[in-house]
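Chain letters run A, B, ... following the sequence lines, proteins first, then strands; residues in each count from 1. Computed over heavy atoms, backbone and side chain alike; hydrogens, waters and symmetry mates excluded.
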Number of protein chains: 4
Amino acid sequence: MTSPRRELRRRQLLEAARDVFAEKGYVAATVDDVVARCGVARGTFYLYFDDKLDVFGALVSDFFARVAGSIRSIELGADAAPPREQLRANLARVVTLAMDEPGMVKIAFGTAFGVDPALDERLARFYAALSTFMDETLQTGQRLGLVRGGDRRLMLSIAIGGLQQLLRDAVDGHVPSDEHALVDAVMDFLQSGLLAH
Amino acid sequence: MTSPRRELRRRQLLEAARDVFAEKGYVAATVDDVVARCGVARGTFYLYFDDKLDVFGALVSDFFARVAGSIRSIELGADAAPPREQLRANLARVVTLAMDEPGMVKIAFGTAFGVDPALDERLARFYAALSTFMDETLQTGQRLGLVRGGDRRLMLSIAIGGLQQLLRDAVDGHVPSDEHALVDAVMDFLQSGLLAH
Amino acid sequence: MTSPRRELRRRQLLEAARDVFAEKGYVAATVDDVVARCGVARGTFYLYFDDKLDVFGALVSDFFARVAGSIRSIELGADAAPPREQLRANLARVVTLAMDEPGMVKIAFGTAFGVDPALDERLARFYAALSTFMDETLQTGQRLGLVRGGDRRLMLSIAIGGLQQLLRDAVDGHVPSDEHALVDAVMDFLQSGLLAH
Amino acid sequence: MTSPRRELRRRQLLEAARDVFAEKGYVAATVDDVVARCGVARGTFYLYFDDKLDVFGALVSDFFARVAGSIRSIELGADAAPPREQLRANLARVVTLAMDEPGMVKIAFGTAFGVDPALDERLARFYAALSTFMDETLQTGQRLGLVRGGDRRLMLSIAIGGLQQLLRDAVDGHVPSDEHALVDAVMDFLQSGLLAH
DNA sequence: CATGAATGAGTATTCATTCAT
DNA sequence: AATGAATGAATACTCATTCAT
């Protein structure tokens, strides 16, 4: 059904779209840009995707899936690593993934609402899924006394926003993109905040 | 030069633009939407602004100025309030401002990059200014031992990103928008991070 | 509200559209053709009409209204002309109208179903209105003994189809377009059919 | 030359095309629709037909041939049936054919002019052929005193248009499609027109 | 000051047709 | 014979901006 040739072309288009979106943003990017980068004709694009939003969705949903897939549940067994180490390892995987896919970081975290209602809905779904997932994690953490008390929604909003911005800035070269340093910075923030004690 | 009448009309247009941008986003918003909301003709818009980007710039630069203006330097004199209280007071003023101008929060923090190179540059300038301003504050804080050590750019990226997201979520109704609760949440984060001790 | 200038331009566009539709048919006609014939820019068209279908609708509904408006009810008063004369006069007015607007005859009677669902609906509404109107007339005629008995729907289908085709052929030059001859031909058909007695 | 297998496939494609054209109209119908209904690949279509217009032509010319073939010349021999009966029999055969092929009625009588110049020409040729054929019949009828006098082109235009419309309406369900009733309606019209005597 | 008619560049999308496999 | 991937011409529609009145 999906011949290897077809699969290859699809992948080519996805990569081209990713690069174009990352460079010019979703709105400014044209289907023409994408096919030109692929060296195929305009119509070819529509053999693989319904429209511009469809590629965007494919790109973002795949990226979010990989992000989610890189996060492991914190194990509490006697022979498991300390929770804080597991958390750091999760963070490290996410950071690595992000640094490996700078384009996707720009796309997934830099595409604003309000451009296209259909796009909005799509992004909202992704964020909601991510949020729910993280909320459950946090809830468990609180129950186990690993996470301090407080309104989880507020804590999450700040934490996710902070991580997003850090990754975005790293990708844009505004802050150093050394993975270890990034992970440390986040861990420090999560452990101690910003102020001296 | 600027008759009061002219000033009034300009302000009307600015408010209309703010509302339209907040509702539909910069890209989807049309000059037509703006003038329709004002009850003036298409051409009138161009008597007050160079183009669409010009209103956007006026809106955002004014907002950033007000944000910056609401922040007071931390005083260390013997009869000054404790630094932490001053920090909280600053935060409170920013949060109040943001909750008073939900539209501007959406616009300033929710406008996508990549829509228009000129717009990108404009937004980048504002963020750079904000970042520089905060960096100086942080630097002072570190020198005085009020802020823990660490790479300030990383710390700032996380803190600013976290605050932005929190304000955005509050404005969008994703998290409760009680000002006191928001301030507390940020203060807690700055003081203790997320993890239990 | 509708300035005379605006009204003029609208009329120009309507006439251009009518000519283009008549020459190339609804499908083959492009908005470009229409504006080119008017010497205005592409966008101007959309200041006056929602889209291609909108002009078509305006054209056809106006034409049907004029056709309907040219038909007078048959008067039966003592001092009224004989019904057959009144019928002939009605027919003559319709034929005159049609010969004055050959383009509209082509458009109204030569645009097929199946091109565009929205178009279909529009045409169907017009035909339904015409049919209802004629049916009532026929019903009255039967009651008064002026029209022979029989299934009115079938009689109408044949009569309307016959008249339509005659007008179309006259407009296309397939049959002579002398108005008097056309009226006579239809009257003869209505009175005696085709076969000798 | 034409293997039975090839012939079979061709027939499949023709029927699929007929159904698709009847459902969506010539313009809206796509080659894709046709091959999809056949379960063959896009390219296969072009192994049997030059292009879209070619199938249309094959369909319509075949249908017109069958219509023409169902009409017998009026015999005048002493032992022949009365001419009026022969006329009715011809009519009955045409109506039966039409009701057996509702799709073809829609296609042949319901395809718009102006879609494609080549298609226009093709349809015009068919109508011209039908018209010539009928004209000769009518001429004979007039010579024999079976048909009343008058301009044959006008009479034909009305009669053909009336029959076409009746068949179309029957096929579309706008009028009852009982074959006997349809034939009677046409015969009545040909014999007596519409008005009472 | 204000108007609003006019402009025209810019883009997503469809689909008949070809051709290498 | 058959496939189906690829082509690319063709078109409707939007909207920021200008300018004559």
Side-chain angles (χ1 to χ4, degrees), chain A residues 1-3 5-6 8-10 13 27-35 38-54 116, chain B residues 3 5-6 9-10 27-36 38-55 116, chain C residues 1-3 5-6 8-10 13 27-35 38-54 116, chain D residues 3 5-6 9-10 27-36 38-55 116:
Chain A
M1 200 122 279
T2 48
S3 69
R5 178 177 180 180
R6 200 179 152 77
L8 180 67
R9 179 52 44 97
R10 188 185 142 88
L13 282 165
V27 196
T30 70
V31 173
D32 250 40
D33 292 331
V34 176
V35 296
C38 249
V40 298
R42 214 167 332 339
T44 302
F45 176 88
Y46 292 93
L47 294 177
Y48 294 87
F49 302 100
D50 291 341
D51 49 32
K52 204 171 131 182
L53 186 58
D54 191 27
D116 176 336
Chain B
S3 71
R5 180 172 173 189
R6 189 174 163 80
R9 172 65 31 108
R10 188 183 142 90
V27 200
T30 70
V31 173
D32 239 43
D33 293 329
V34 176
V35 295
C38 255
V40 298
R42 193 110 81 259
T44 303
F45 177 89
Y46 290 92
L47 296 175
Y48 294 88
F49 301 98
D50 291 341
D51 49 33
K52 196 176 154 184
L53 187 57
D54 190 26
V55 225
D116 179 335
Chain C
M1 200 121 280
T2 49
S3 69
R5 178 176 180 184
R6 199 179 152 78
L8 180 69
R9 177 52 45 94
R10 189 185 142 90
L13 282 165
V27 196
T30 70
V31 173
D32 251 38
D33 293 330
V34 176
V35 295
C38 251
V40 299
R42 210 153 355 332
T44 302
F45 176 89
Y46 293 93
L47 294 177
Y48 294 87
F49 302 100
D50 290 342
D51 49 32
K52 204 172 131 181
L53 187 57
D54 190 27
D116 177 338
Chain D
S3 72
R5 179 173 171 188
R6 188 176 163 81
R9 172 62 34 107
R10 188 183 143 89
V27 199
T30 69
V31 173
D32 238 42
D33 293 329
V34 176
V35 296
C38 254
V40 299
R42 191 106 85 262
T44 303
F45 177 89
Y46 290 90
L47 295 175
Y48 293 88
F49 301 98
D50 291 342
D51 48 34
K52 197 177 153 185
L53 187 56
D54 190 25
V55 225
D116 178 335

>> Rounding to an integer number of Å, can you tell me how far D:Asp51 CG sits from F:dA9 C1'?
In response: 17 Å
> Which heavy-atom pair separates B:Val27 from B:Lys52 by the least distance, and what is that distance?
Replying inline: O-NZ, 3.4 Å
> Could you state the CG-C1' distance from B:Asp50 to F:dA16, rounded to the nearest angstrom?
Replying inline: 13 Å
>> Can you tell me the base-pairing partner of F:dA1? Count Watson-Crick or G-U wobble geometry only, both distances below 3.5 Å, and say none if there is no partner.
In response: none
> When rounded to the nearest 0.5 angstrom, what is the spacing between CG in A:Asp32 and CZ in A:Phe45?
Replying inline: 10.5 Å
> What is the pairing partner of F:dT7, taking Watson-Crick or G-U wobble pairs with both distances under 3.5 Å in any strand?
Replying inline: E:dA16
>> By the 4.0 Å heavy-atom rule, please label C:Ala28 as base, sugar-phosphate, or nothing.
In response: nothing
> How do B:Leu53 and D:Gly39 order along DNA chain F: which one's closest nucleotide is nearer the 5' end?
Replying inline: D:Gly39
> Can you tell me how far P of E:dT3 sits from CZ of C:Arg6, to the nearest Å?
Replying inline: 16 Å
>> I want to verify a distance call: between F:dA2, F:dA1, F:dT3, whose nearest atom is closest to the D:Tyr48 side chain?
In response: F:dA2
> Does D:Tyr46 put a side-chain nitrogen or oxygen below 4.0 Å from OP1 or OP2 of E:dT17?
Replying inline: yes
> Could you give the CZ-to-P distance, from B:Arg10 to E:dA2, as a whole number of Å?
Replying inline: 14 Å
> More 5' along DNA chain E: A:Asp32 or A:Leu47, using each one's nearest nucleotide?
Replying inline: A:Asp32
> Looking at E:dA2, E:dA6, F:dA2, which one has an atom nearest to any side-chain atom of C:Arg9?
Replying inline: E:dA6
> Side-chain donor or acceptor of D:Arg42 under 3.5 Å from a matching atom on the base of F:dT3?
Replying inline: no
> Of all heavy-atom pairs between A:Thr44 and A:Leu13, which one has the smallest distance, and what is that distance?
Replying inline: O-CD1, 4.5 Å
> So which one's nearest nucleotide on DNA chain E is more toward 5', C:Phe45 or D:Thr30?
Replying inline: C:Phe45
> Any idea which of F:dA6, F:dA12, E:dA12 is nearest the C:Lys52 side chain?
Replying inline: F:dA12
> Nearest to the side chain of C:Val40, which nucleotide is it out of F:dG8, F:dG4, E:dT7?
Replying inline: E:dT7
> What's the CZ-C1' distance between A:Phe49 and F:dA5, to the nearest Å?
Replying inline: 15 Å
>> Please report the interatomic distance CZ(C:Arg9) to CG(C:Leu47), rounded to the nearest 0.5 Å.
In response: 10.0 Å
> Closer to the 5' end of DNA chain F via nearest nucleotide, is it A:Thr44 or B:Gly43?
Replying inline: A:Thr44
>> Need the pair for F:dT14. Rule: Watson-Crick or G-U wobble, both distances under 3.5 Å, any strand; none if unpaired.
In response: E:dA9
> What's the shortest heavy-atom distance between C:Ala41 and C:Val35, and which atoms?
Replying inline: O-CG1, 3.7 Å
